[in-house]
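One structure is given below, encoded as C-alpha cells.
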Amino acid sequence: MMNRPLSKEAIDARAAAYCPYSGYAVGAAILDDNGQVHTGCNVENASSPVGTCAEVNALSAMVRAGGRRIVGVAVATEDGAPPCGSCLQALAEFVHPSLDAEVFLVDAAGKEKAFRFDQLLPHRFFGKRG
C-alpha cells in the first residue's frame, strides 16, 4: 500500500533540511495513532557527524505533541534509502510489535517503496517499558 500524503509531507520536510556538509537532505513524516502527522528534517553542524537525523526530529515532534504510537513513517531522500540503524531503533520504541507500522521510502523522483517496519529492523530490541 502506498501513502502519497505521508510521503508528500516527508518530501516537503526534506526541502527544509540543513545539510551543508554532506549535501544529503532527508525529510521524515510520522503518522501517529491519533491521526496526526509530525515532520522533521536533518540538521547538520560543523562538528560532523554530530547532527540530528530527520527521523529523530520527526519523532521528537510527535512526542512533544503527545503522540506515543507510530502507525506509519515516510522518509524522503535523494535515492530512496532507508533510515540508519540508530534511527530505526529510535522509531522502534514507538512501533507496537503487534501493530507493525508501514514505512514508505521515497526518492527525489517521487517513487515510493513500502515496507513493514519489521522488514527494515527484524531483530529490534525492547527496553524495560511498562
Side-chain angles (χ1 to χ4, degrees):
M1 177 179 147
M2 296 296 173
N3 193 318
R4 290 282 175 210
L6 194 59
S7 290
K8 169 97 171 64
E9 292 284 344
I11 291 167
D12 290 348
R14 181 176 179 253
Y18 180 75
C19 52
Y21 304 99
S22 72
Y24 192 75
V26 181
I30 295 174
L31 175 65
D32 70 21
D33 62 347
N34 294 318
Q36 299 297 311
V37 175
H38 312 277
T39 62
C41 60
N42 59 320
V43 179
E44 298 176 350
N45 66 64
S47 62
S48 182
V50 179
T52 52
C53 295
E55 300 88 343
V56 171
N57 284 331
L59 183 60
S60 294
M62 182 191 83
V63 170
R64 172 63 182 96
R68 294 295 184 268
R69 190 67 61 215
I70 294 174
V71 175
V73 178
V75 178
T77 63
E78 177 67 27
D79 54 0
C84 70
S86 179
C87 285
L88 286 170
Q89 187 58 51
L91 294 168
E93 187 75 16
F94 298 91
V95 174
H96 194 279
S98 67
L99 302 171
D100 203 22
E102 292 184 289
V103 180
F104 306 95
L105 306 178
V106 59
D107 66 18
K111 182 179 175 189
E112 275 184 336
K113 291 184 241 170
F115 298 89
R116 289 186 327 276
F117 188 84
D118 66 354
Q119 289 177 290
L120 298 177
L121 189 65
H123 303 289
R124 63 185 166 187
F125 59 92
F126 301 95
K128 295 181 179 181
R129 51 186 164 139

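Side chains are part of it too, since the values below use all heavy atoms of this structure and drop only hydrogens, waters and symmetry mates.
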Which pair of non-hydrogen atoms, one from [X] and one from [Y], has the smallest distance, and what is that distance?
| X | Y | answer |
| --- | --- | --- |
| Ala58 | Gly40 | CB-N, 3.6 Å |
| Ala10 | Ala74 | CB-O, 3.5 Å |
| Glu9 | Ala29 | CB-CB, 3.7 Å |
| Ala17 | Ala25 | CB-CB, 3.7 Å |
| His38 | Ala61 | ND1-O, 3.8 Å |

**Item:** Test salt bridge (Lys or Arg N to Asp or Glu O under 4.0 Å) applied to Asp12 - qualifying residues, sequence neighbours left out
**Value:**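 Asp12: salt bridge (Lys or Arg N to Asp or Glu O under 4.0 Å) contacts with Lys8.
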Partner set under side chain to side chain contact (heavy atoms under 4.5 Å, CB included) for [X], not counting sequence neighbours:
| X | value |
| --- | --- |
| Ile11 | Ala76, Val106 |
| Ala13 | Thr39 |
| Glu44 | Cys19, Pro20, Tyr21, Ser22, Asn42 |

**Item:** Pairs meeting criterion side chain to side chain donor-acceptor pair (under 3.5 Å) with involvement of residues 49-67, two or more places apart
**Value:** Thr52-Asn57
**Asked** Between CD of Gln119 and CD of Glu102, what distance do you get to the nearest 0.5 Å?
**Response**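 That separation rounds to 10.0 Å.
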**Request:** Hey, could you give me the CD1/CG distance between Ile70 and Leu31, rounded to the nearest 0.5 Å?
**Result:**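 It is 9.5 Å, given to the nearest 0.5 Å.
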**Request:** In sequence, state the C-alpha distance, the side-chain angles, and the governing distance for Val75 and Leu105, and then conclude on side-chain contact (heavy atoms from CB on, under 4.5 Å).
**Result:** CA-CA 5 Å; Val75 178; Leu105 306 178; 4.1 Å; yes
**Prompt:** Does any N or O in the side chain of Asn34 come within less than 3.5 Å of the main-chain N or O of Gln36, such that one atom is a donor and the other an acceptor?
**Reply:** no
**Request:** Go through the steps to decide whether Phe94 and Val63 satisfy the test side-chain contact (heavy atoms from CB on, under 4.5 Å), and finish with yes or no.
**Result:** CA-CA 10 Å; Phe94 298 91; Val63 170; 3.7 Å; yes
**Prompt:** Between Phe117 and Leu88, does a side-chain contact (heavy atoms from CB on, under 4.5 Å) hold up when you go through it step by step?
**Reply:** CA-CA 8 Å; Phe117 188 84; Leu88 286 170; 3.9 Å; yes
**Asked** Any link between Leu121 and Val56 through a network of hydrophobic side chains (Ile, Leu, Val, Met, Phe, Trp, Tyr) touching at under 4.5 Å?
**Response** no
**Message:** For Ile30 and Leu91: C-alpha separation, side-chain torsions, deciding distance, then whether side-chain contact (heavy atoms from CB on, under 4.5 Å) applies.
**Reply:** CA-CA 10 Å; Ile30 295 174; Leu91 294 168; 3.8 Å; yes
**Contacts of Arg68 that satisfy side-chain hydrogen bond (donor to acceptor under 3.5 Å, both in side chains) - sequence neighbours left out** =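 Testing Arg68 for side-chain hydrogen bond (donor to acceptor under 3.5 Å, both in side chains), a comparison that skips the adjacent residues, returns none.
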